[in-house]
Amino acid sequence: MKKSGLTAIKSENIDAPIIKEFPLCMECEFVEYQDGPYGCGVIGKVVNVSADESILKDGKVDISKVEAIAFDPYTHGYYKVTERVGEAFKDGLKLK
């Protein structure tokens, strides 16, 4: 943490740190670990969300302002998450 320049603070809701400098924090409780033939995953329940006003638009999180990154395990690359490309639970209906 010292080398990163980030500050960890104790969450009031879960037993995990919060990174003070991150504009978005989703605090989750562990529900279940899944391990299957196609990969593994962790299921959690969101118990608290905190967001800096700088990433809000009309009172909601604007993901393009978060400057989030995603990890691609196949290319071992990190990618910026900035552009909305579809509507969940709607676009796939065209394929039915």
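Residue numbers start at 1 and run along the sequence shown. Here the structure is a predicted model, which means the values were calculated and not measured.
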Check whether more than 12 heavy atoms from other residues, nucleotides or ligands sit under 6.0 Å from atom OH of Y33, and answer yes or no.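 Buried by this count: over 12 neighbours within 6.0 Å.
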Would you say that more than 12 heavy atoms from the other residues, nucleotides or ligands in this model lie under 6.0 Å from the CD of E12, or not?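 Check fails, neighbour count at 12 or below.
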So which atom in I55 and which in P23 form the shortest heavy-atom distance, rounded to 0.1 Å?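 Reported closest heavy-atom pair: CD1-O, 3.4 Å.
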Taking [Y] as the starting point, is it possible to reach [X] by hopping between hydrophobic residues whose side chains are less than 4.5 Å apart?
X	Y	answer
V81	L56	yes
I18	F30	no
Y78	V66	no

[X]: which residues meet the side chain to side chain contact (heavy atoms under 4.5 Å, CB included) condition with it, sequence neighbours left out?
X	answer
E87	R84, K90, D91
N13	S11, E27, V47, N48
D58	none
E21	L6, T7, I19

Residue pair L24 / V49, side-chain heavy-atom distance below 4.5 Å: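 Yes - at least one pair of side-chain heavy atoms lies under 4.5 Å apart.
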Parallel, tilted or perpendicular: rings of H76 and F71 (30°, 60°):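 The rings of F71 and H76 lie parallel, inter-plane angle below 30°.
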Separation between CG of D52 and NZ of K65, rounded to the nearest 0.5 Å: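 Rounded to the nearest 0.5 Å, the CG-NZ separation comes out at 11.0 Å.
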Can you sort out the partners of S50 under side chain to side chain donor-acceptor pair (under 3.5 Å), two or more places apart, ordered by chain and number?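 S50: no side chain to side chain donor-acceptor pair (under 3.5 Å) contacts found.
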Once side chain to side chain donor-acceptor pair (under 3.5 Å) is applied, do any residues pair with D72, and if so which ones, sequence neighbours excluded?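 Side chain to side chain donor-acceptor pair (under 3.5 Å) check on D72 returns T75.
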